[in-house]
2 protein chains.
Amino acid sequence: MSFGQVPPSANPDPAQPSDAEWKVLNALWRRHPASARELLGLLSAERWAYTTLKTMLDRMQEKGFVRAERRGNVSWYEPLLERKRAQRAAVRDLIARVFEGAAGSLLTHLVDDERLSAAQRKRLSAEIARAEREEARRARG
Amino acid sequence: MSFGQVPPSANPDPAQPSDAEWKVLNALWRRHPASARELLGLLSAERWAYTTLKTMLDRMQEKGFVRAERRGNVSWYEPLLERKRAQRAAVRDLIARVFEGAAGSLLTHLVDDERLSAAQRKRLSAEIARAEREEARRARG
DNA sequence: GGACATCTACTACATTTGTAGTAGTATCCA
DNA sequence: TGGATACTACTACAAATGTAGTAGATGTCC
């Protein structure tokens, strides 16, 4: 089965966040602005040293992933990436790298291999139907 | 919209191939066994020095991603990963990292954001229906 | 059988990533 | 007001990654 290719993107979104950076971003999207101390709490599963997290945040600031605002002695961090956009970039990256540009292969793969539950399939069908209607609406103008 | 969580995998498949390693693997799955020289041809878009590719291959061999068989002066490489499995691991990794374990979010994201063509939607629906039947068959035993 | 091409093995090196320590400074509580 | 705490800025360092050079072994063609 083949769904076809994704058109080559103009600007392939420079620099994906690293693994650890995703963890920080996920925490930040959940709660922000947040101090490093708060984030460390949200990321307690990682068992990072406080300074480890600080280093991450410093670097992410340089990369433009987050920004910090100093209030008194404490820096308050906010994400500069929109979650959806970052996710989209990550998905695109995966499709390019792993599925050689064939977005449909990823979909097929998900449906075939991820053992969706009946409920998930149902929802997915509904989503497709919704997209269908959306498209039709757009087409009518 | 939410589809639910993926169960935490027992062994989270150690070490994903790196970006460059995926390129090599994709070439190898396309054609193997292949010599470094042949692979360099398949990967001409990368404009790698021959020795760069060789280094990649050496490392991938250490990691158990490929194996080499020496015939005469030349090493012939074969992938040791099965493509589907590697893809699955990569998708799982993405879901964990980017969608915090919610496989359904990825699906929703794809359907919503990737602007599937009508044809793609149709195929996907068919895939779902197929999975549906499959599931029913399994259920009947 | 020697000159030339080709391969492999080994080494090199900058960058990124994960992980944290240290030192200096700002805060706060008794 | 001075000591304990907390926070920031800077430094460190190993492993992984991307990229390639060099040298020595091997094969090939006249």
Side-chain angles (χ1 to χ4, degrees), chain A residues 12-28 33-78 86 89-90 93 96-98, chain B residues 12-27 33-78 86 89-90 93-94 96-98:
Chain A
D13 294 276
Q16 291 287 314
S18 76
D19 200 76
E21 285 167 351
W22 268 103
K23 289 176 180 153
V24 176
L25 284 171
N26 283 329
L28 259 185
S35 66
R37 188 60 64 180
E38 284 175 328
L39 288 173
L40 195 66
L42 291 179
L43 293 164
S44 59
E46 305 304 324
R47 320 210 131 276
W48 284 337
Y50 179 87
T51 51
T52 298
L53 175 57
K54 268 305 246 179
T55 303
M56 299 301 318
L57 286 166
D58 286 353
R59 290 181 186 166
M60 293 173 76
Q61 207 175 342
E62 279 163 25
K63 294 182 191 177
F65 292 166
V66 307
R67 75 190 183 81
E69 188 170 328
R70 191 70 176 272
R71 271 205 290 285
N73 195 25
V74 177
S75 291
W76 295 85
Y77 296 91
E78 284 197 282
D93 183 72
R97 188 162 27 85
V98 173
Chain B
D13 294 278
Q16 291 287 314
S18 75
D19 200 77
E21 285 167 351
W22 267 103
K23 289 176 180 153
V24 175
L25 284 171
N26 283 330
S35 67
R37 189 59 64 179
E38 283 175 330
L39 288 173
L40 196 65
L42 291 178
L43 293 163
S44 59
E46 305 305 323
R47 319 211 131 274
W48 284 337
Y50 178 87
T51 51
T52 298
L53 175 57
K54 268 305 245 179
T55 302
M56 300 299 320
L57 286 166
D58 286 352
R59 290 181 187 165
M60 292 174 76
Q61 208 175 342
E62 281 163 23
K63 294 183 191 179
F65 291 167
V66 307
R67 76 189 183 81
E69 188 168 328
R70 192 72 176 271
R71 272 206 288 285
N73 196 24
V74 178
S75 292
W76 295 86
Y77 295 90
E78 283 197 282
D93 183 74
L94 179 86
R97 188 162 27 88
V98 174

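Reminder, nothing fancy here: chain letters follow the sequence lines and each chain counts from 1.
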K.L.:
Just the rounded figure in Å: distance from P of C:dC7 to CZ of B:Arg71.
P.N.:
15 Å
K.L.:
Taking OP1 and OP2 of D:dT17, is either one under 4.0 Å from a side-chain nitrogen or oxygen of B:Ser18?
P.N.:
no
K.L.:
Side chains of B:Met60 and B:Leu25, heavy atoms from C-beta outward: is any pair under 4.5 Å?
P.N.:
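Counting from C-beta outward, B:Met60 and B:Leu25 do come under 4.5 Å.
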K.L.:
Measure from CD on B:Glu21 to P on D:dA16 and round the result to the nearest Å.
P.N.:
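Interatomic distance, CD of B:Glu21 to P of D:dA16: 11 Å.
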K.L.:
A:Leu25 CG to C:dT17 P: how many Å, rounded?
P.N.:
13 Å
K.L.:
For a quick check, with a 4.0 angstrom heavy-atom cut-off, what is the B/S/- contact string for nucleotides 25-30 of chain C, read 5' to 3'?
P.N.:
-SS---
K.L.:
Please state how far atom CG in B:Leu40 lies from atom P in C:dT6, giving the value in whole angstrom units.
P.N.:
13 Å
K.L.:
Output yes when a side-chain donor or acceptor of A:Ser35 lies under 3.5 Å from a complementary backbone atom of A:Glu38, and no otherwise.
P.N.:
yes
K.L.:
Please state how far atom CZ in B:Arg37 lies from atom C1' in C:dA5, giving the value in whole angstrom units.
P.N.:
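Those two atoms, CZ and C1', are 10 Å apart.
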K.L.:
Taking B:Glu69 first and then B:Arg71, would you say they form a salt bridge - that is, a charged N and a carboxylate O separated by under 4.0 Å?
P.N.:
yes
K.L.:
Please give me the minimum heavy-atom distance between B:Lys23 and B:Leu43, naming the atom from each residue.
P.N.:
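Shortest heavy-atom contact: O-CD2, 3.5 Å.
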K.L.:
Using a heavy-atom distance cut-off of less than 4.0 Å, which residues of residues 48-64 of chain A contact DNA chain C?
P.N.:
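Heavy-atom contacts with DNA chain C come from A:Trp48, A:Ala49, A:Thr51, A:Thr52, A:Thr55, A:Met56, A:Arg59, A:Lys63.
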K.L.:
Is B:Lys63 paired with B:Glu21 through a side-chain N to carboxylate O contact shorter than 4.0 Å?
P.N.:
yes
K.L.:
Does some side-chain heavy atom of A:Arg97 sit less than 4.5 Å from a side-chain heavy atom of B:Asp19?
P.N.:
yes
K.L.:
If I take atom OH from residue A:Tyr77 and atom NZ from residue A:Lys54, how far apart are they, to the nearest 0.5 angstrom?
P.N.:
2.5 Å
K.L.:
Given side chains that start at C-beta, do those of A:Tyr50 and A:Arg37 come closer than 4.5 Å, heavy atoms only?
P.N.:
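They are in side-chain contact.
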K.L.:
Just wondering, do A:Val24 and A:Trp48 contact through their side chains at under 4.5 Å, heavy atoms?
P.N.:
yes
K.L.:
Calculate the interatomic distance between B:Glu69 atom CD and C:dT8 atom C1'; express it in whole Å.
P.N.:
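Going from CD in B:Glu69 over to C1' in C:dT8 covers 16 Å.
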K.L.:
Could you check how far CG of A:Asp19 sits from P of D:dA15, rounded to whole Å?
P.N.:
19 Å
K.L.:
Quick one: B:Gln16 CD to D:dT17 P, roughly how many Å, whole number?
P.N.:
11 Å
